[in-house]
Amino acid sequence: MLLTTVSKADSYVQFMTVLILFVFVLAITYLVTRWIAGYQKGKMGCGNLEIIETCRISPNKYIQIVRAGTKYLVVAVGKDEVHMLSELSESELDFLKETKGQTTDFAGIFEKVRKLKEKDKE
């Protein structure tokens, strides 16, 4: 049996190779995930149906406002059923500011939380 010795340089090269491959796999995963998300968003955004807002009322029950054509419907969505609750007019809705093109990043969220905590202390 041959004994092999691994020098520090060989160990360092192996570590850097593994690290570079790991970063490469992470980058590919990130890019593919963004591509698939964009593809799905494009498929869901077209047509006459759009989910305007969703509110969770229990682990598997939601109330949603859905735009169907020019009508706005309030529906209750459960595990195995969907029930229409009412119909709304556009004037009855409170639309939040459009956030298209804006991304929510951790720094922005952290800043908002920090400002809220400062207000609570005052």
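Keep in mind it's a predicted model, so treat the numbers as computed, not measured.
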For Arg56, what residues pass the salt bridge (charged side-chain N to carboxylate O under 4.0 Å, His left out) criterion, not counting sequence neighbours?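 Once residues adjacent in sequence are excluded, Arg56 has no partner under the salt bridge (charged side-chain N to carboxylate O under 4.0 Å, His left out) criterion.
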For [X] versus [Y], what's the shortest heavy-atom pair and its separation?
| X | Y | value |
| --- | --- | --- |
| Ile57 | Tyr62 | CG1-N, 4.2 Å |
| Met84 | Leu73 | SD-CD2, 4.0 Å |
| Lys71 | Glu87 | CD-OE2, 3.5 Å |

Any chance you could pull the hydrophobic cluster mates of Leu19, using side-chain heavy atoms under 4.5 angstrom and chaining through other members?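 Hydrophobic cluster check, Leu19: joined to Tyr12, Phe15, Met16.
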Any non-hydrogen side-chain atom of Glu90 less than 4.5 Å from a side-chain atom of Arg67?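 In short, these two side chains do not touch, never coming nearer than 4.5 Å.
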So which pairs with a foot in residues 15-37 pass side chain to side chain donor-acceptor pair (under 3.5 Å), sequence neighbours left out?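 Residue pairs with at least one partner in residues 15-37: Tyr30-Arg34.
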Is it true that Arg114 and Glu111 have a side-chain N and a carboxylate O under 4.0 angstrom from each other?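 Answer for the salt bridge query: yes.
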Can you measure from NZ (Lys79) to CG (Asn60) and round to the nearest 0.5 angstrom?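 Reported value, rounded in 0.5 Å steps: 7.0 Å.
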For Ile65, run the side chain to side chain contact (heavy atoms under 4.5 Å, CB included) check against Val75, Ile52, Leu85 and tell me which one passes.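 Single pass found, and it is Ile52.
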Spell out, yes or no, whether Leu31 and Tyr39 are grouped together once hydrophobic residues are joined by side-chain heavy atoms under 4.5 Å, including indirect joins.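 As far as the 4.5 Å side-chain criterion goes, Tyr39 and Leu31 are not connected within one cluster.
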